[in-house]
Each structure stands twice: as C-alpha cells, then as structure tokens.
Protein chains: 2
Amino acid sequence: MSALRIALLGYGTVGNGVYKTIQTHQEKLKRILGNDVKIVAILVKNIEKHLAPDSDVLLTDDFKEIITLDKLDVVIDAIVGKEPSFSYLQQAINKGCHVITANKEMFAHHGAELKQLAKEQGVTLGFEATVAGGIPIIQNLRQLLNVNNIQKVQGILNGTSNFILTKMREDGCSFETALKVAQENGYAEADPTNDIEGYDAFYKAMILSELAFGEKPDWEESIRIGIKPITPEQIKLFTSFGYRFKHIASIEKTAAGIIFSVKPVLVNETHPFYQIEGVQNAVSIDGDIVGNISLQGPGAGMFPTASAIIEDLVYINKYSFSPTFLDEQNGLGLKLSSTYWAIGGDMVSENLPPHIKIIDRLHPNVLLVEASEEDIYSIQSPDIYCYQVLGKVLIEEAALVD
Amino acid sequence: MSALRIALLGYGTVGNGVYKTIQTHQEKLKRILGNDVKIVAILVKNIEKHLAPDSDVLLTDDFKEIITLDKLDVVIDAIVGKEPSFSYLQQAINKGCHVITANKEMFAHHGAELKQLAKEQGVTLGFEATVAGGIPIIQNLRQLLNVNNIQKVQGILNGTSNFILTKMREDGCSFETALKVAQENGYAEADPTNDIEGYDAFYKAMILSELAFGEKPDWEESIRIGIKPITPEQIKLFTSFGYRFKHIASIEKTAAGIIFSVKPVLVNETHPFYQIEGVQNAVSIDGDIVGNISLQGPGAGMFPTASAIIEDLVYINKYSFSPTFLDEQNGLGLKLSSTYWAIGGDMVSENLPPHIKIIDRLHPNVLLVEASEEDIYSIQSPDIYCYQVLGKVLIEEAALVD
C-alpha cells in the first residue's frame with residue numbers, strides 16, 4: 001500500500017513537534033496504521049523564515065499548492081485563529097481528506113460545522129489536541145459518554161494562568177512579575193491577553209461543552225473572568241486559611257440549562273485541583289454511572305501536543321466520529337449544586353441580601369457564604385470581591401459538606 | 001438485526017451492577033451498537049440464593065447450560081478466582097464469543113493466554129474492569145502506547161488499603177480499628193488478606209505491566225509488602241513532617257529490566273497521590289512523548305465497575321485488541337530513578353553501609369537517605385523500618401530535586 005500522505009498547516013512549536021514525532025516514530029506508526037506515514041507538504045506564513053526539513057517536502061506559503069496536490073490523505077492544522085484555518089479545513093474535508101486540528105479558537109466557533117461536513121464526506125475529524133494538550137480528555141469523555149450521562153466537567157485548562165497563580169503564591173510576587181517570569185520561560189506570549197483574560201480556557205470549555213452535552217451555552221451570557229483581579233494580598237490571606245486560587249472552567253448540565261463559567265476559584269486541599277501547580281492542566285468529569293474521574297497532565301508544549309495529534313492520526317479510518325447520542329432525560333434528577341463563596345473587602349458586612357446565607361466569618365474582612373452564582377454577582381462592587389470555593393467546606397463543628 | 005445476546009457469569013455486586021446498567025441503558029446501547037442488548041443467562045454458584053431478574057433469563061449454576069446455548073455473542077465474567085473463570089472463558093472464546101472480564105486474579109495469571117486465544121478466534125477480549133474500577137486506565141494506556149513508549153506506571157490500585165491508611169491518619173486509630181470500619185462500610189471483605197497484604201494491587205499491577213511493557217516481571221522476585229507493618233505512631237510521626245502513607249504499585253522499565261514493587265510509600269504534597277484519600281484509586285503514567293499523565297477516580301463499587309465493563313461492550317467488533325507493539329529500543333535513555341527513603345527505629349544510626357547516602361535527619365530516630373531498592377532492603381531488620389519517599393524532596397537550603 002502506498003504511504004499515508006500528510007500536509008501540515010503551520011510550522012511553529014506544535015507543527016515542529018508533529019513533524020519530529022512522525023519522523024522518529026516511522027516504524028511504530030507503520031505497524032499500527034499498516035502504512036508508511038509521510039509529511040509531504042508544510043504551509044508556513046512567512047516562507048523566508050523557514051527551511052524545508054527535507055528536500056522532498058513541499059514548503060509553501062500558498063494553501064492552493066497544498067490543496068491541489070494529486071494525492072493527499074490527511075491535513076493537520078497547527079495554526080492559530082479562526083481564519084484561514086476554518087476555510088482551509090473545509091476545503092480539505094471537501095477534497096476527502098481526514099483532518100486533525102489543534103486550533104481551539106477555530107474549533108470552539110466552527111466545530112459543529114466541521115463535524116457535520118466531515119460526517120457528510122465520510123472522513124475523520126480529530127480534535128484531541130484542542131483541549132488540555134497531552135491529556136487525552138476528548139477520547140476519555142467520548143468513551144465515558146458511551147455509558148454515562150455527563151453531569152459536570154471542570155478543568156484547569158490554561159497552563160499560563162495556573163503558572164502565574166502558582167508563582168504569585170510561592171514567591172509572594174505581583175501579577176506583573178509572575179507574568180514576566182512566565183514570558184521568560186516561554187509559558188506566556190508577548191501579548192498574554194488570550195491566556196490571562198480566560199479566552200483560551202473559554203474556547204476549550206466550549207469545545208468540551210459541545211462534546212459532553214451536545215450543545216454550547218450562550219456565548220454572550222457565559223461568565224469569563226481572568227486572573228488579573230487577584231492581588232498578592234488576597235493570595236496571602238487565603239493561603240493562610242488553606243485555600244489556593246485556581247482558574248477553573250466549569251460546565252454543568254442542570255434542569256435550568258448549561259451553567260458555564262471560566263473564573264478564578266478558591267480550592268482547599270480536599271479538592272483534586274489543589275495540587276495542580278505550574279503549567280499543569282487537569283480535568284474532572286462527573287458521570288451518572290461512573291462517578292467522578294479526574295485527569296491531569298501537561299496542558300501544552302511541543303511534544304505533549306504532538307502526542308495528542310498523533311493519537312488522532314492513529315484513529316483515522318478506525319474510529320467513528322459521529323455525534324454523541326444523548327439520552328432524552330435531561331432535567332431528570334439534576335439540580336444546582338450548593339455553592340460556597342468567599343466575599344471580602346473593607347466594606348463587607350453582615351448586611352447582605354437575604355438570599356446570601358452567611359456560613360462563617362473567616363477574617364474581619366472575609367465572609368464565607370452560600371449563594372447562587374447569579375445572586376453573588378448582584379452584590380459585586382469595586383469594594384467587594386467574590387470567589388467561589390471548591391472542596392469540602394468545614395461548617396461549624398465537624399459538619400462536612402461537599 | 002437480532003439482539004446481542006450476553007451471558008453473565010456471577011451475580012454478586014459487579015454482576016448485579018452490569019445487569020442493572022444494561023437494563024437502564026437499553027436505548028443508549030442500541031443507538032451505539034446498532035442492536036438490542038439482552039442478558040439471556042446468568043451463572044450463579046448457589047441457585048437457591050438467587051432469583052432470575054426476569055422470566056426469560058436463564059438462571060443456572062451449570063456453565064454447560066450456558067455454553068451450549070444456541071446463540072451467544074458475549075460472555076461477561078464477574079466472578080473471582082483463577083478457576084473456573086479461566087476455563088469458562090477459554091470455552092467461550094473457542095465457541096466464538098467475545099469475552100469481557102473483571103477478574104484480576106485470573107487475568108493476571110492467564111491474560112496472555114486469553115489474548116492469544118482471542119486473537120486466533122478473532123474475538124474481542126475486554127479487561128478494562130480488572131484494574132482500578134471506573135478509571136479507564138486500560139483504554140488510556142492503550143491509547144498512549146500508540147504514540148509513546150511507556151517508562152513508568154504507578155498506582156494506588158487498592159481502595160481498601162487506601163481507606164484504612166486514610167482512616168488511621170484521620171482518626172489516629174489502630175490498623176485493627178480502621179479495618180473494622182472498612183468492613184462495616186462494605187469496603188473490606190470478612191477475610192481482608194487479598195487487599196491488606198497487597199495481592200489485589202499486585203495482580204492489577206501485573207496486568208498493567210503486561211499491557212505497558214509487553215511483559216511481566218518475575219512473580220517470585222517481585223516485591224509485595226502490605227500495609228500491616230504501618231503503626232499509628234509512624235503515621236503520626238510522618239504526618240508531622242508533611243508525609244502521608246500510600247500503598248503504591250510501581251512498574252518501571254529500566255535498562256536492567258522491569259522494576260516492580262507493591263509497597264507502602266511516603267508521599268508529600270507535591271506528589272499527585274498525596275490527596276488520593278479513602279477508597280479512591282489513582283494511576284500515574286510516564287510516557288516518553290507526552291510526559292506524565294495521572295488519572296484518579298473510583299477504584300471499585302457496583303456502578304463504576306459496571307461502567308468499565310459496558311465500555312468494553314461498546315468496543316465489541318469495533319476495537320482491535322491485538323497485542324501492543326513495542327519499539328525495539330529498550331534500554332535507550334533509560335535509567336534507574338534516584339530513590340529516597342525514610343528509615344527509622346531506635347537503632348537507626350549514621351553507621352550505615354556506604355552505598356546508603358544520608359541526606360537529612362528528620363528526627364532523632366528517622367533518617368532521610370538516598371539508596372537503591374536493593375540496598376535498602378539489605379539493611380532491614382526487626383528494629384528498622386524503611387519507606388520509600390515520593391514527591392519533591394527538599395535537600396539542604398532550597399535545593400529541589402525530583
């Protein structure tokens with residue numbers, strides 16, 4: 001049989017990792033796929049900046065040269081941004097190519113359309129690398145969905161934010177200093193907006209929502225709060241109570257619809273995310289049959305992401321990427337979880353609206369309360385901050401609630 | 001198409017969970033498998049003790065009645081012990097049935113033979129439920145192996161032991177008291193030997209070894225230490241240093257062969273297993289491309305185990321259970337990890353053999369040392385205890401080593 005011919009869109013960190021991994025894993029891939037695997041073309045933005053890694057690889061800045069290749073089996077998308085990625089993958093699918101993407105922003109916006117198109121054309125669409133780098137979360141969710149209805153998915157999906165929060169706590173430094181260290185270590189871009197404002201985690205959570213629940217919440221109404229509001233003083237204060245800040249994406253199916261948020265949250269040591277530190281990612285899944293499963297691992301990086309892309313490659317022609325079937329029993333037995341919040345600031349008093357129940361006073365300026373997400377945001381003001389609290393919360397004497 | 005006809009061997013907790021889950025998931029399974037799924041027969045040991053759950057289900061204590069059924073597609077093994085499980089599954093495979101097993105003791109001993117037989121007969125062999133209950137560790141390892149060479153697998157694979165260790169630490173109680181609580185909660189058998197002596201974890205680790213490395217270490221030479229030697233005093237002492245006891249199975253591929261152990265270990269809060277508490281299980285995998293991935297979740301229980309079994313069912317006819325192909329590059333770049341140990345007892349002095357390097361004195365009677373597993377056991381005596389230490393170990397001033 002002739003070789004499996006692949007075009008690689010993008011030759012930055014991820015693209016490079018894919019190229020290298022395919023080169024070093026020729027024998028293994030051949031045994032699994034029954035075929036030689038060959039990268040025949042690479043699309044780059046600026047052709048002056050790159051050299052073709054091999055003389056028989058077409059290096060080009062013109063997608064037309066790639067899409068008009070005589071024989072092309074797979075297109076791997078390792079570029080960023082909605083366009084031109086979406087148009088390129090549409091063209092590739094229409095040509096009958098299998099496609100694999102690592103592009104979360106594009107896939108969060110156009111995943112459903114690409115899935116539909118791939119189904120019509122009978123090709124495979126892999127997107128393991130769009131969420132949580134090397135953690136095989138897509139494959140795990142898919143597998144759990146075979147048996148379980150998924151109730152909730154939570155994750156630390158952005159390594160940059162988690163690195164900054166870890167650094168601020170460990171060194172007692174400011175956000176700006178921690179960001180600078182992240183940039184020096186290659187963990188943050190020169191323009192870090194996507195990471196620190198929560199857009200990156202937001203896109204990934206949208207992809208998980210569509211997979212787990214077959215739908216996405218309203219983009220405009222979904223909560224997205226970045227990590228910039230967190231001060232070194234807050235970190236010091238909550239550390240003294242046994243809490244750490246984590247930037248958590250949460251998607252929950254409830255009778256009232258999907259509750260979706262990306263925001264800084266406080267977790268204590270009973271929570272699986274407490275010791276997810278630095279650039280690590282983690283995802284926690286609640287299924288109705290299996291209970292809670294958590295996964296943690298590298299959320300980014302050249303080789304972890306390449307690993308996810310090549311896992312998708314292995315499933316080409318083997319795995320049905322048909323839409324997930326969800327049971328028509330939504331709302332059955334589902335309820336909103338009780339949520340705890342730490343609210344703080346000089347102006348925090350016990351004169352709160354009645355639907356906000358005070359559980360404890362952690363500190364002269366910090367209250368632990370029970371309230372819905374809606375109610376809590378209704379009292380937010382420049383003088384008051386509110387962070388959700390995860391993990392078992394100790395109430396009065398030895399009364400443990402989840 | 002006619003229904004997929006299943007025989008269930010064993011109708012205890014796991015068998016019951018499988019029956020109930022299949023009954024309540026008829027619609028979902030039909031959509032995924034394209035077929036109705038029907039349990040047509042149940043094998044029990046003592047027929048007086050059971051009632052057929054439905055009038056058209058054959059309830060029998062005679063396997064012959066099952067294996068001679070006219071049409072039988074799948075046999076699910078939910079019984080314990082090597083025999084008669086192994087013979088029954090051989091017969092089922094030879095008849096052309098797909099088989100799924102939750103029987104770790106049998107599979108640890110006879111997995112390779114069953115895999116070979118299943119391959120010859122062209123049927124599927126599922127064993128997700130043999131290790132770590134609801135955590136999809138088999139599927140994850142298999143998937144990671146498509147791209148990665150696995151270097152190390154570590155796990156808390158026995159919920160009973162972990163529950164007892166957690167209880168002893170939390171309540172300051174004795175092993176006997178904690179075991180009694182475990183038994184009262186249904187987390188330990190009347191005869192707890194398999195769990196507390198580490199046999200259960202040992203079987204599971206053997207299954208993981210064969211999957212990850214294509215081979216098992218020598219059974220006789222492999223270390224298996226249970227949790228009984230751990231005293232409440234030791235727990236209290238190490239808790240004060242920031243360490244918790246965890247019962248960990250470890251399988252590592254090295255240039256010298258597979259290093260395998262099941263034993264109590266000390267972990268600090270930098271280690272992913274530190275907050276795995278109670279009956280939870282966890283598995284950590286080191287792959288050469290992806291880095292470290294950890295999974296945690298329910299290690300046992302009616303529905304988590306049923307979930308794993310039904311995940312296997314979904315892969316019937318879809319998934320190749322062919323043996324894993326390992327690259328022929330063993331020994332390349334592999335080395336023994338440095339290992340740290342806490343050694344303690346009244347007789348602990350600094351007069352240790354020279355190959356045991358003293359790092360720190362944690363306490364008048366406890367030393368932190370660096371040594372190989374072999375060397376450390378050479379100094380063991382009734383007056384000295386040795387526990388391996390995992391997590392980042394702080395050496396002198398701020399020098400962090402992994």
Side-chain angles (χ1 to χ4, degrees), chain A residues 17 21 24-25 27-29 31-33 128 133-136 139-140 143-149 269-272 274-277 280 282 284-285 287-298 301 303-311 313-315 318-320 322 325-329, chain B residues 17 21 24-25 27-29 31-33 128 133-136 139-140 143-149 269-272 274-277 280 282 284-285 287-298 301 303-311 313-315 318-320 322 325-329:
Chain A
T21 307
T24 54
H25 285 65
E27 283 307 303
K28 190 162 201 159
L29 289 169
R31 275 175 297 189
I32 294 169
L33 290 162
E128 183 65 72
I135 306 177
Q139 170 66 10
N140 273 282
Q143 185 181 358
L144 290 173
L145 278 165
N146 283 331
V147 184
N148 289 265
N149 291 314
E269 70 148 29
T270 66
H271 193 274
Y274 183 75
Q275 43 63 282
I276 306 298
E277 297 274 64
Q280 287 278 297
S284 158
I285 306 165
D288 61 345
I289 305 293
V290 78
N292 179 273
I293 301 274
S294 296
L295 297 96
Q296 65 185 77
F303 289 111
T305 309
S307 180
I309 287 173
I310 292 163
E311 278 163 28
L313 186 64
V314 165
Y315 279 99
K318 279 194 193 169
Y319 199 89
S320 151
S322 54
F325 300 106
L326 293 170
D327 282 358
E328 307 299 328
Q329 42 172 274
Chain B
T21 307
T24 55
H25 285 66
E27 282 306 303
K28 191 162 202 161
L29 289 170
R31 274 176 296 190
I32 293 170
L33 290 162
E128 183 64 73
I135 305 177
Q139 169 67 10
N140 273 283
Q143 185 182 356
L144 290 172
L145 279 165
N146 283 330
V147 183
N148 290 265
N149 290 315
E269 70 148 30
T270 65
H271 193 275
Y274 183 73
Q275 42 65 281
I276 307 297
E277 297 273 64
Q280 288 278 298
S284 158
I285 306 165
D288 61 345
I289 304 293
V290 77
N292 179 274
I293 300 274
S294 296
L295 297 97
Q296 65 183 78
F303 290 111
T305 310
S307 180
I309 287 173
I310 293 165
E311 279 163 29
L313 187 64
V314 165
Y315 279 100
K318 281 194 193 169
Y319 199 87
S320 152
S322 54
F325 299 107
L326 294 170
D327 281 359
E328 307 299 329
Q329 44 173 273

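Just so we're clear, the structure is a prediction, and the values are computed from it rather than from any experiment. Numbered from 1 within each chain, the chains take letters A, B, ... in sequence-line order.
Between chain B and the residues Ser307(A), Pro272(A), Gly291(A), the most heavy-atom pairs under 4.5 angstrom are made by Ser307(A). When the candidates Asn292(A), Val290(A), Thr305(A), Ile276(A) are compared by the number of heavy-atom contacts under 4.5 Å with chain B, Val290(A) comes out ahead. For the set Leu29(A), Ile135(A), Asn148(A), Thr21(A), the count of heavy-atom pairs under 4.5 angstrom toward chain B peaks at Asn148(A). Contact count versus chain A (heavy atoms, under 4.5 Å) is highest, among Ser294(B), Ala308(B), Gly297(B), Ala282(B), for Ser294(B).
Counted by atom type alone, Asn149(B) and Lys28(A) present one or more donor-acceptor pairs between their side chains at under 3.5 Å.
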Practice task
Under the side chain to side chain contact (heavy atoms under 4.5 Å, CB included) rule, what do Gln139(B) and Asn140(A) come out as? Steps first, then yes or no, please.
Solution key: CA-CA 9 Å; Gln139(B) 169 67 10; Asn140(A) 273 282; 5.8 Å; no

Exercise for the section: Test side chain to side chain contact (heavy atoms under 4.5 Å, CB included) on Ile289(B) and His25(A) and set out the steps. Expected result: CA-CA 10 Å; Ile289(B) 304 293; His25(A) 285 65; 3.4 Å; yes

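Here the shortest heavy-atom pairing between Glu311(A) and Leu144(B) reads OE2-CD2, 3.4 Å. Scanning both residues, His271(B) and Gln275(A), for their nearest heavy atoms gives O-NE2, 3.6 Å. Of all the heavy atoms in Asn146(A) and Ile32(B), the pair that sits closest is O-CD1, 3.3 Å.
The parts of Gln296(A) that come within reach of chain B are both its backbone and its side chain, each placing non-hydrogen atoms under 4.5 angstrom from that chain.
For the atom pair CD (Gln143(A)) and OH (Tyr315(B)), the distance works out to 4.5 Å, reported to the nearest 0.5 Å.
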